[in-house]
Amino acid sequence: MHSLKPPLAMKRPRPPSPPPLSPASTKQTSPPPRPLKSLHPNTPPISSKKPKSHPKWVPLNLSQTELSLPLTFPTGQTFRWKQTGPLQYTGTIGPHLLSLKHLQNGDVSYFIHFTPSESAAKLALLDFLNVSISLAKLWEVFSENDSRFAELAKYLKGARVLRQDPVECLVQFLCSSNNNIGRITKMVDFISSLGTHLGSVGGFDFHEFPSLERLSAVSEEELRQAGFGYRAKYITGTVDVLQSKPDGGAQWLLSLRKLDLQEAIDALCSLPGVGPKVAACIALFSLDQHHAIPVDTHVWQIATKYLLPELAGARLTPKLCSRVAEAFVSKYGEYAGWAQTLLFIADLPSQKALLPSHFWDIKEKKSAKIEDSNSCNIDGNYS
DNA sequence: CGGTAACCTGGGAT
DNA sequence: AATCCCAGGTTAC
C-alpha cells in the first residue's frame, strides 16, 4: 500500500522532466484500490537536478505588505501549493512549475523550476497573483469602515486573493464540502497526480492540473475507491456537464468572468455538488468576482459576532447565507471578498500566533459540560 | 419556499 | 474500546 504511481493509465504525453519514480516497472493488470492514506511520497528532500538553463531567483516588485506567502498560500484558497522552505511555497500555474519565497526584507522572489516559456511563466505568475490590484489601497478603505479590520490588518499584512484557473479551483472546492483540510488536500493530490508531471521540489511531486478531458476518463467508482466518498459523483457529474458545453467547459467557466456575480453564482450552482458556498469560493478565487462572499461555518461565526449579532444562534440556511453576503458587501464594498478573506484568516487557529491574545476567539466547544441541567443555551456563549 | 436528515471518511474527543 | 462529533456543504424529502 505504498506504491505511489498514478492510479490510471497515463495517456498524456510524457513528462517534460523525468519523474522521480519510474512507474514503468509495476505491472498493471488490474486497477488496485488506492486509498488516500499515504499519498505522501517518501522521496528524498530534493531531486532532479537537470539544469534547464540557468534558473535563478528573480525578485518580484512586491513587498510583504502586498503579498505575504504564509497568509496567502496555506490559508484555504488553494490546496495545490506546498511549503518547500521556511518562507517558501511551490506550485504550478498552468504548465509552469515555480517557487515563491520571501527575501530578508520581506520582498517576494520567484524561481522557475520548469516552464515551456520563461516569459509566459512570468506573465502567468503576475496574473495568478492578481498584482494589478493594490492590497494596501483596498485595506485602507476597509480599515476606514471597520476599526476591527484595521487592527487585524496590522498583524496580518499581505493576505491576498489569488486569481486561479477556474477548472482547477472548481474541482478543489468540490472536494471541500463537509470535509477537513487534511483530507481535502489528499483528494486534490490524487486528482492532481492525473496530470502531466512537471517536476519534484522538496520531496513533493508537482503535476499540471489534469484537463477536463483527462478527468472525464475517471469513473465515480475509481474516485470512491480513492476515498472521495459521496463527492465522487460531484466530480464526475460536474465534469460531464462541463464537457457538454458547446465551447468546452473550461471556456464556459472563463466566460463567467464577464458576468455579474449573481449570474455567475447561478451558473455555477447548476453544476452537481456546487452550492452557494462552493460557488462563492470559485467566483472569488478564480472568476474576478471580488465581492463574492463564501459563507461557511467560519464566516457565519464571524458574521454573527461582529456583523449581524441579532442572528447569533440561528442555523445557517441559504437565506441567511445570502443575508450575510449582503452585509459584507454593504460594509466593505465591491471588494468585500478581499475583506472577508482577511477576517477568515484571522479566525484560523493556525494564525493565532500572529495576533495579540485579545483577538483570540474564545471558542468554547458546545461541549460546555454544564454540571447540571438548567442553563443549557444553544451556542454556549452567554452575554 | 423553509426546515431536516442523509451523505463518505478519518481523526480526535468522550 | 466503542461511540460520538465534526470538518470551510449539498442534495433530497
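These figures come from a predicted structure and were not determined experimentally. Quick note: numbers below take in every heavy atom, side chains included, and nothing from hydrogens, waters or symmetry partners. Order of the sequence lines sets the chain letters (A, B, ...), proteins ahead of strands, with each chain counted from 1.
When the P atom is used for both B/dG11 and C/dT10, the distance is 24 Å, rounded to whole Å. Nucleotides C/dA2 and B/dC8, compared at atom P, are 24 Å apart to the nearest Å. Rounded to whole Å, the P atom of C/dG8 lies 24 Å from the corresponding atom of B/dG3.
The environment of A/Lys82 atom NZ is dense: over 12 non-hydrogen atoms of other residues, nucleotides or ligands sit within 6.0 angstrom. Remark: A/Asn105 CG is packed, more than 12 non-hydrogen atoms of other residues, nucleotides or ligands lying under 6.0 Å away.
Side-chain atoms of A/Ser99 do not come within 3.5 Å of backbone N or O of A/His113 as any donor-acceptor pair.
As a whole-Å value, the separation of A/Leu320 CG from B/dT4 P is 12 Å. Going from atom NZ of A/Lys319 over to atom C1' of C/dG9 covers 19 Å, rounded to whole Å. Rounded to whole angstrom, the span from the CZ atom of A/Phe173 across to the C1' atom of C/dG8 amounts to 8 Å. Here the C1' atom of nucleotide B/dC8 and the CD1 atom of A/Ile184 are 13 Å apart, to the nearest Å. Rounded to an integer number of Å, the gap from CZ of A/Phe228 to C1' of C/dT10 is 17 Å. Residue A/Leu268 contributes atom CG, which lies 12 Å from atom P of C/dT11 at whole-angstrom precision. Rounded to whole Å, the distance from OH on A/Tyr234 to C1' on B/dT9 is 14 Å. Look at NZ on A/Lys233: it is 9 Å from C1' on C/dT10, rounded to the nearest Å.
For the pair A/Gly273 and A/Phe285, both in contact range of DNA chain C, the more 5′-proximal nearest nucleotide belongs to A/Phe285. Map A/Lys277 and A/Pro272 each onto its nearest nucleotide of DNA chain C; the residue landing nearer the 5' end is A/Lys277.
Partner of A/Phe344 under the side-chain contact (heavy atoms from CB on, under 4.5 Å) criterion, chosen from A/Leu348, A/Leu342, A/Asp347: A/Leu348.
Between A/His207 and A/His197, the two ring planes are perpendicular [angle over 60°; tilted spans 30° to 60°]. Classification of the A/Phe128-A/Trp81 ring pair by plane angle, with boundaries at 30° and 60°, yields parallel.
Residue A/Val274 is in sugar-phosphate contact alone, with no base atom involved, counting any heavy-atom pair closer than 4.0 Å across all strands shown. Residue-level contact check: A/Leu316 touches neither bases nor backbone, having no heavy atom under 4.0 Å from any strand. Backbone-only engagement by A/Leu271 is indicated by non-hydrogen atom pairs under 4.0 Å involving sugar-phosphate atoms exclusively. Nucleic acid contact class of A/Arg231 (heavy atoms, under 4.0 Å, all strands): base. At a threshold of 4.0 angstrom between heavy atoms, the contacts of A/Gly76 include nucleobase atoms, whether or not backbone atoms are also involved.
The side chain of A/Arg183 approaches B/dT9 more closely than any other nucleotide in the set B/dT9, C/dG8, C/dT10. Candidate nucleotides B/dC8, C/dA7, C/dT10 were compared by shortest atom distance to the side chain of A/Asn180, and C/dA7 ranks first.
Cation-pi check for A/Arg80 over A/Phe209 is not met; the charged atom does not lie both under 6.0 angstrom from the ring centroid and within 45 degrees of its normal.
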Where do A/Thr115 and A/Ser117 land on the side-chain hydrogen bond (donor to acceptor under 3.5 Å, both in side chains) test, with the steps shown first?
-> CA-CA 5 Å; A/Thr115 179; A/Ser117 159; 5.4 Å; no
Would you write the dot-bracket representation of DNA chain B, where each base gets (, ), [, ], | or . depending on whether it forms a Watson-Crick or G-U pair under 3.5 Å and with which partner?
-> ..|||||.|||||.
